[in-house]
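Heavy atoms only: backbone and side chains are in, while hydrogens, waters and symmetry mates are out. Residue numbers start at 1 and run along the sequence shown.
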Amino acid sequence: MVALLTGTIADMINMPLFRRRDQRSRGRFRNRLRISWEFVRTSIWPVPVAMLVLAVALREAAALIDARVDNEVALSLWWLHSGSGDDARNLLSTLVGALITMASVMFSITMVVLSLAANQFGSRLIRTYMADTRTKVSLGWFVLTIVYCLLILRTVYTDLPPEEVPHVAVTLGLALALVCVLTLLLFLHVIARSMVADDVIRRVAGELAASLAQLPKRDSETRPLAAPLEHDGPVRIVRAGREGYVQTIDYEALCAVACDRNIKVQIHCKAGAFVCPGDWLAEVSPASAMGSSLAAAIEGSVEIGARRTPTQDIEFLVRHLVDVALRALSPGINDPRTATVVIDHLRATLARLMTREIRSTRRCGPDGTVRVQGIDTTFAALLDEAFNQIRQVGAAQPAIVIHLLGAIDRLAEHIQIPEQKAPLTEHLTLIAEAGLRKADAPRDRADIERKRDAALRKIATALSLDGLNKGERLDATDE
């Protein structure tokens, strides 16, 4: 009977409907897990809290070692604390007081640096500082040592004879305090380097590069996309029920729902977009299929939160770099050198992106019919996000214009498909026209025109050179 019941349940789970439901649950759980991990990764508190728990474990481990070490052996070792209870208590009290003072200084320095970084680079860069593991470990080490010393302090009494003092535990507290001094030096080094604009830009660019590395590499041959979604008859609108930023959209789960109910779903938002209650979230056809359960399933596949995350939003990290450049070009700061460093890293990011393939939001059912379609993130859109505002703000500075033109010129060397030529040419023209309108000196105008013409020639000849479209390169030793 049990075997029959078990087999029946297994058969039900293996049914297509149950498999699709399980797939939807896994996809939703995976997206929420990624969002939660992003929140934890960019928060300061998780590492100190984990090290606080480690302090309790160290206290228990030290107590076990003290119970196993013979008192005469412990008192004879020069590197172990061998004083009385009063000596141990004075030592631990001094360590706790000193460490709390040092920790207060560290927290104060951290808040000052975060304030300065928000003023210089923009408040959005705060998450980059909070994600730095070295800073979190430094703060956590002080928390660990203070909590450990307090736990040991409560077990040491003034009138305790030397043979009953937990020598290993007291010595470990002293060793942890010495490590805290070294940690403070590391912390000051990290904080000092974190205020250098080049390091901040490189850190953000590294996070963006890691995000792009998750995209699949572009094939040598371009695969045609499925035909755009076309609704069958009248549509019904699914409206957002919450306010916030779209963090993730589970297109696989939406496709499974659409296949189950034989419907088509057009998503009207993308990851990173802000929605408020009543905004259009999706269109569903046929209209007769709409019901409360379907609306709940569609709305549940779109995660909405209080802040943007880079989980599915590549433009979010590009925007971080652009914010640094805009701050640098503002009249209050006027630091074009920092802006040129940002342009260099944006060029490197776009060059990586040109070799990757951003998956379309279109999802097809088993019969090949397009069931779900959203708003695609394209190379042209990311190029707009990277260069539009820098061009608008820096058009009056010929150095910035020439550097932007140079970036387009070098991006032409990474063209993989013909569709990448048009957006590069468009931005090249916009940048050159903006610079020529603002430039007064004839030499500046000549430099802009020369850079523009050279980039135009390189874009025009891209993919026509032997081996370029196949990613082939000749070594210097090849004949």
(request) Tell me, with the steps shown, if R261 and L294 meet side chain to side chain contact (heavy atoms under 4.5 Å, CB included). (result) CA-CA 9 Å; R261 302 182 180 237; L294 177 58; 3.6 Å; yes
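- For the pair M354 and L424, the minimum side-chain heavy-atom distance is below 4.5 Å.
- Checked against side-chain hydrogen bond (donor to acceptor under 3.5 Å, both in side chains), D344 has the following partners two or more places apart in sequence or in another chain: H403.
- Every salt bridge (charged side-chain N to carboxylate O under 4.0 Å, His left out) that R319 has, sequence neighbours left out, goes to D323, E385.
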(message) Please determine whether side chain to side chain contact (heavy atoms under 4.5 Å, CB included) holds for the pair I314 and L215, giving the CA-CA distance in whole Å, both sets of side-chain angles, and the decisive distance to 0.1 Å.
(response) CA-CA 11 Å; I314 303 176; L215 299 176; 3.9 Å; yes
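- For R203, the CZ atom is densely surrounded, since the number of other residues' heavy atoms within 6.0 Å is greater than 12.
- Side-chain polar atoms of K217 and T355 form no donor-acceptor pair below 3.5 angstrom.
- With sequence neighbours left out, the side-chain hydrogen bond (donor to acceptor under 3.5 Å, both in side chains) criterion links T340 to no other residue.
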Determine all donor-acceptor pairs shorter than 3.5 Å in which one atom belongs to a side chain in residues 105-113; sequence neighbours excluded.
residue	atom	partner	partner atom	Å
S108	OG	S104	O	2.8
T110	OG1	M106	O	2.8

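- At distances below 3.5 Å, not a single donor-acceptor pair connects side-chain atoms of R371 with backbone N or O atoms of R363.
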Distance-only check: which donor-acceptor pairs under 3.5 Å involve side-chain atoms of residues 274-287, not counting sequence neighbours?
residue	atom	partner	partner atom	Å
D279	OD2	C276	N	3.0
E283	OE1	H231	NE2	3.3
E283	OE2	H268	NE2	3.1
S285	OG	H231	ND1	2.7

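- Among L436, D447, I408, the one residue that satisfies the side chain to side chain contact (heavy atoms under 4.5 Å, CB included) test with R452 is L436.
- Proximity of V56 to R59: side-chain heavy atoms (C-beta onward) are nowhere separated by under 4.5 Å.
- Remark: H320 pairs with F316 by the ring-ring contact (aromatic ring centres under 6.0 Å, His included) rule, at least two apart or across chains.
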